[in-house]
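Okay, structure first, notes after.
All residue numbers refer to positions in the sequence shown, counting from 1.
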Amino acid sequence: MPKFFVDPSQIFDDQIAIIGDDAKHLALSLRMRKGDQIQISDGHKTDYDCIITSIDPLMVKCDILTSGPCESEPILKIRVFQCLPKGDKMEYIIQKAVELGAAEIIPVNSSRCIAKPPIRSKNGVDKKLERWNRIAYEAAEQSRRGIIPKVLDYIDYDDAIRMCSNDFMRFICYEDESHMNLRDYISSKQNASTTNLVVSFFIGPEGGFSTDEIERAKIANIPAVSLGKRILRTETASSFVLSVISYLTEFTDK
């Protein structure tokens, strides 16, 4: 069953209206018809199973059959601080991070980034950031998320450290760390009693983090963790971390 997002203002009692590109996609690309069933999310973790009552490229109207909390959202709010990679790797990273449960992706400009921060147009609109958020939106629909994860504006490394200073779990992935691995760090936090369920982690660019950056993170109480015996590419690392978090928090006995 296809899934789409709407703004809560498009939900009227027992009916929902889909407009814009999603209406066009339903009518022209998917060729759905009156009587077909779809799933709709309000972007705030509530899902609606619906039946199409009228359809055209401008608007699709649906009746709500049932509604309930989205079952695909992680308990944790996970934020990926991804140092800017070369080329179009960021698009892949965003897509997979959304599929694997990230709530926010924050591009970071660190000392070893080869890629330069996106350049804004004269009217202040960042076209690359718009594209990244469109990729996140489409990945959220495909993976049946209950929210639309956001790609935030890029920030410098030190600002990123300050941004996650109060998060429940926060760590930086570092290939030369020998004392703490990802599994042990997450497991050490699982029995903690807290209402702050935000997890933030840092992934370096192609050249990794400098020793100075690792020290600055440690001073800010952001520990370094190892991802194992193999060195992962920057476009692979966040997917690995998100998969481990998912396994340890969703698929194992507490």
Side-chain angles (χ1 to χ4, degrees), residues 2-5 21-22 25 29 41 43 72-74 76-120 125-157 160 163-164 170-175 182 186 199-209 213 225-250:
K3 184 169 189 175
F4 297 88
F5 287 95
D21 290 341
D22 282 339
H25 182 61
S29 299
S41 173
S72 63
E73 279 303 307
L76 304 169
K77 177 183 178 180
I78 307 174
R79 306 196 297 177
V80 181
F81 288 81
Q82 172 67 53
C83 294
L84 290 165
K86 294 185 295 184
D88 59 0
K89 294 176 184 178
M90 194 68 174
E91 297 183 3
Y92 175 87
I93 291 167
I94 291 165
Q95 183 187 66
K96 300 311 171 189
V98 171
E99 290 178 14
L100 290 165
E104 290 179 350
I105 300 96
I106 303 96
V108 178
N109 187 27
S110 63
S111 65
R112 293 181 178 175
C113 286
I114 298 172
K116 299 302 180 184
I119 299 174
R120 292 176 178 82
V125 176
D126 186 338
K127 293 296 184 181
K128 183 170 285 188
L129 191 61
E130 283 186 347
R131 174 166 173 76
W132 287 347
N133 273 289
R134 184 64 194 178
I135 290 170
Y137 180 88
E138 292 172 352
E141 286 188 335
Q142 181 274 321
S143 56
R144 299 190 179 184
R145 296 288 301 272
I147 64 169
I148 305 170
K150 298 296 183 184
V151 184
L152 305 186
D153 202 356
Y154 69 89
I155 58 177
D156 288 331
Y157 179 77
M163 185 175 174
C164 66
R170 52 195 186 275
F171 56 92
I172 186 167
C173 302
Y174 185 46
E175 64 272 18
L182 177 60
I186 294 173
V199 177
S200 294
F201 66 89
F202 288 73
I203 301 294
E206 286 83 357
F209 290 109
E213 285 170 333
V225 303
S226 166
L227 301 186
K229 298 178 180 179
R230 292 169 292 280
I231 304 300
L232 304 180
R233 292 180 181 271
T234 186
E235 64 267 33
T236 308
S238 61
S239 293
F240 177 83
V241 173
L242 288 161
S243 298
V244 172
I245 292 173
S246 176
Y247 175 73
L248 291 176
T249 60
E250 298 179 38

**Request:** For S200, check side-chain hydrogen bond (donor to acceptor under 3.5 Å, both in side chains) against everything at least two apart and list the hits.
**Result:** R79, D167
**Request:** Only one of I114, T234, I203 passes side-chain contact (heavy atoms from CB on, under 4.5 Å) with P85; say which it is.
**Result:**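 Of all the options given, the one that passes is T234.
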Just jot down the side-chain contact (heavy atoms from CB on, under 4.5 Å) partners of [X], sequence neighbours excluded, or say none.
X: L129; value: D126, W132, N133, V151, D153
X: R233; value: E235, T236
X: S111; value: S210, E213
X: P205; value: C83, S110, R112, C113

**Request:** Would you check if M163 and L152 make a side-chain contact, meaning some heavy-atom pair closer than 4.5 Å?
**Result:** yes
Rounded to the nearest 0.5 Å, what's the gap from [atom1] on [X] to [atom2] on [Y]? Could you check?
X: I245; Y: E250; atom1: CD1; atom2: CD; answer: 10.0 Å
X: T249; Y: Y247; atom1: OG1; atom2: OH; answer: 11.5 Å
X: I78; Y: S246; atom1: CD1; atom2: OG; answer: 7.5 Å
X: Y154; Y: L84; atom1: OH; atom2: CG; answer: 9.0 Å

**Message:** Give me the atom names and distance for the closest heavy-atom approach of S239 to S243.
**Reply:**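 Answer, listing the atom of S239 first, then S243: O-OG, 2.8 Å.
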**Asked** Do you know the tightest heavy-atom contact between G204 and F209?
**Response** N-CE1, 3.2 Å
**Request:** Can you run down the side chain to side chain donor-acceptor pair (under 3.5 Å) pairs that involve residues 134-151, sequence neighbours left out, and say none if there aren't any?
**Result:**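 Applying side chain to side chain donor-acceptor pair (under 3.5 Å) to every pair that reaches into residues 134-151, excluding sequence neighbours, yields D22-Y137, E73-R145, R134-E138, Y137-E141.
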**Request:** Give me the ring orientation class for F202 and Y157: parallel if the planes are under 30° apart, tilted from 30 to 60°, perpendicular past 60°.
**Result:**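 Ring orientation, 0 to 90° scale: perpendicular.
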N/O donor to acceptor pairs below 3.5 angstrom from side-chain atoms of residues 88-106, sequence neighbours left out:
from : atom 1 : to   : atom 2 : distance (Å)
K89  : NZ     : E206 : OE2    : 3.1
E91  : OE1    : R131 : NH2    : 3.2
E91  : OE2    : R131 : NE     : 2.7

**Prompt:** Excluding sequence neighbours, so at least two apart, what forms ring pair (Phe, Tyr, Trp, His ring centres under 6.0 Å) with F201?
**Reply:**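 Ring pair (Phe, Tyr, Trp, His ring centres under 6.0 Å) list for F201, sorted by chain: F171.
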